S.K.: 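Take this structure, written in structure tokens, and hold onto it; I'll ask about it next.
As the structure is a computational prediction, the values presented were derived from the model and not from experiment. Only heavy atoms go into these numbers, but all of them, side chains included; no hydrogens, no water, no symmetry mates. Just follow the structure's listing: the first ligand is 1, and inside any ligand the first atom is 1.
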Amino acid sequence: MQVLGIDIGGSGIKGGLVDAENGALIGERHRIATPQPSTPAAVAEVVTAIVRHFDYSGPVGVTFPAIVQHGVTLSAANVDKSWIGAPAQEIFRAATGLPVFVLNDADAAGVAEMTFGVGRQHQQGVVILLTFGTGIGSAIFHDGKLLPNTEFGHVPMPMKGIHSEHYCSDKVRKDEDLKWPEWAKRVDHFLALMELLFSPDVFIIGGGVSKKFDKFAPCLRRKAKIVPAQLLNEAGIIGAAMTAHQAMQASAA
Ligand code: BGC
């Protein structure tokens with residue numbers, strides 16, 4: 001079955017059709033710049049435009065870069081603040097007229113990596129996926145099962161007094177013009193904190209930097225295994241589509 005996945009980010013909103021059985025993207029992705037300000041009404045308009053672009057009707061999975069509890073967005077670090085407390089799932093359902101399922105963007109990427117990406121080899125124990133982009137997204141799994149909405153990008157860094165995503169996101173690397181080893185040292189500091197709290201077996205490094213893994217991985221000194229994500233830019237779309245497919249199956253059972 002083909003299911004539409006839509007990945008909402010701070011700068012772009014991307015959609016694609018996914019084969020829900022094998023996680024493969026079917027055809028081209030469609031990207032529209034995130035409207036500024038990224039209010040619920042403006043973002044819902046773009047989500048609807050993506051649905052129309054694919055001439056699609058069926059379940060839709062949508063990721064959002066915030067805490068998403070029972071379809072409601074509870075934070076808004078890198079999007080318009082009017083999303084705090086907004087009934088995101090209802091807003092997208094009303095705009096598209098379709099059964100929409102909303103989840104956190106890093107949770108979606110994690111679900112996709114664990115099912116079709118590098119996480120397939122790590123179904124036992126504790127796995128932490130971290131996405132480094134404008135912010136830092138997180139997803140933690142125990143024996144393959146997700147604990148949603150962990151928000152490790154907002155954990156304060158000891159002795160620094162700032163959130164981890166303001167210390168070592170990929171945006172910080174670019175804004176402060178950090179060399180890869182300088183940035184890696186900060187990431188290692190953050191991973192050390194994660195290791196102290198959760199003793200993971202594996203860290204999966206996602207987001208745009210996963211393509212540059214060789215440039216910074218040699219500077220990371222953790223006990224846990226550290227691997228790059230495999231699904232790159234597509235993980236959010238794939239995880240969103242999978243989630244919508246599973247939710248429809250569960251409601252039909
Ligand atoms: C948000 C998270 C999101 C991450 C990556 C953070 O600022 O709070 O919900 O997963 O950015 O987009």
S.K.: Check for me, please, whether L130 and V227 land in the same ILVMFWY cluster - side-chain distances under 4.5 Å, paths through other members count.
M.R.: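 No: no chain of side-chain contacts under 4.5 Å links L130 to V227.
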S.K.: Scan residues 102-124 for pairs that pass ring-ring contact (aromatic ring centres under 6.0 Å, His included), counting only residues two or more places apart or in two chains.
M.R.: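 Residue pairs with at least one partner in residues 102-124: there are none.
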S.K.: Short question: side chain of T96, backbone of L98 - any donor-acceptor pair under 3.5 Å?
M.R.: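 Answer holds: yes.
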S.K.: Within a distance under 4.0 Å of any heavy atom of G137, pick out the atoms of ligand 1 and give their elements.
M.R.: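 Selected atoms, number and element: 4 (C), 5 (C), 10 (O).
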S.K.: Backbone or side chain, does any N or O of N104 fall under 3.5 Å from an N or O of ligand 1?
M.R.: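 Yes, there is a polar N/O contact under 3.5 Å.
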S.K.: Do the side chains of L146 and V202 join up, straight or via other hydrophobic residues, at under 4.5 Å, putting them in one cluster?
M.R.: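 Linked, L146 and V202 end up in one cluster.
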S.K.: If the condition is ring-ring contact (aromatic ring centres under 6.0 Å, His included), which residues does F64 pass it with, not counting sequence neighbours?
M.R.: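 Checked F64 against ring-ring contact (aromatic ring centres under 6.0 Å, His included); matches are W83.
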S.K.: So, the side chain of E113 versus the backbone of V118: is there a donor-acceptor pair under 3.5 Å, distance only?
M.R.: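 Yes: the side chain of E113 pairs with the backbone of V118.
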S.K.: Quick check on contacts: which atoms of ligand 1 are under 4.0 angstrom from a heavy atom of E165?
M.R.: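 By the 4.0 Å cutoff, the relevant atoms are 6 (C), 7 (O), 11 (O).
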S.K.: Could you establish whether D107 and ligand 1 come within less than 4.0 Å of each other, counting only heavy atoms on the residue side?
M.R.: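 For ligand 1, residue contact (heavy atoms, under 4.0 Å) with D107 is absent.
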S.K.: Among all protein heavy atoms, pick out the one at the shortest distance from atom 8 (O) of ligand 1; state its residue, atom name and that distance to 0.1 Å.
M.R.: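 For atom 8 (O) of ligand 1, the nearest protein heavy atom comes out as E151 OE1, 2.6 Å.
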S.K.: Spell out, as yes or no, whether a donor-acceptor pair under 3.5 Å connects the side chain of E182 to the backbone of K179.
M.R.: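 Answer holds: yes.
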S.K.: Write out the residue and atom name of the closest protein heavy atom to atom 4 (C) of ligand 1, then the distance separating them to 0.1 Å.
M.R.: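 Of every protein heavy atom, I136 O, 3.5 Å lies nearest to atom 4 (C) of ligand 1.
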S.K.: Distance to 0.1 Å, residue and atom name: give those for the protein heavy atom nearest to atom 5 (C) of ligand 1.
M.R.: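 The closest heavy atom on the protein side is D105 OD2, 3.5 Å.
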S.K.: Applying a strict 4.0 Å limit to heavy atoms, is A66 in contact with ligand 1?
M.R.: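 Distance cut 4.0 Å: A66 passes for ligand 1.
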S.K.: Between S138 and ligand 1, is there a nitrogen or oxygen pair with a distance under 3.5 Å?
M.R.: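 In this structure, S138 places no N or O atom under 3.5 Å from an N or O of ligand 1.
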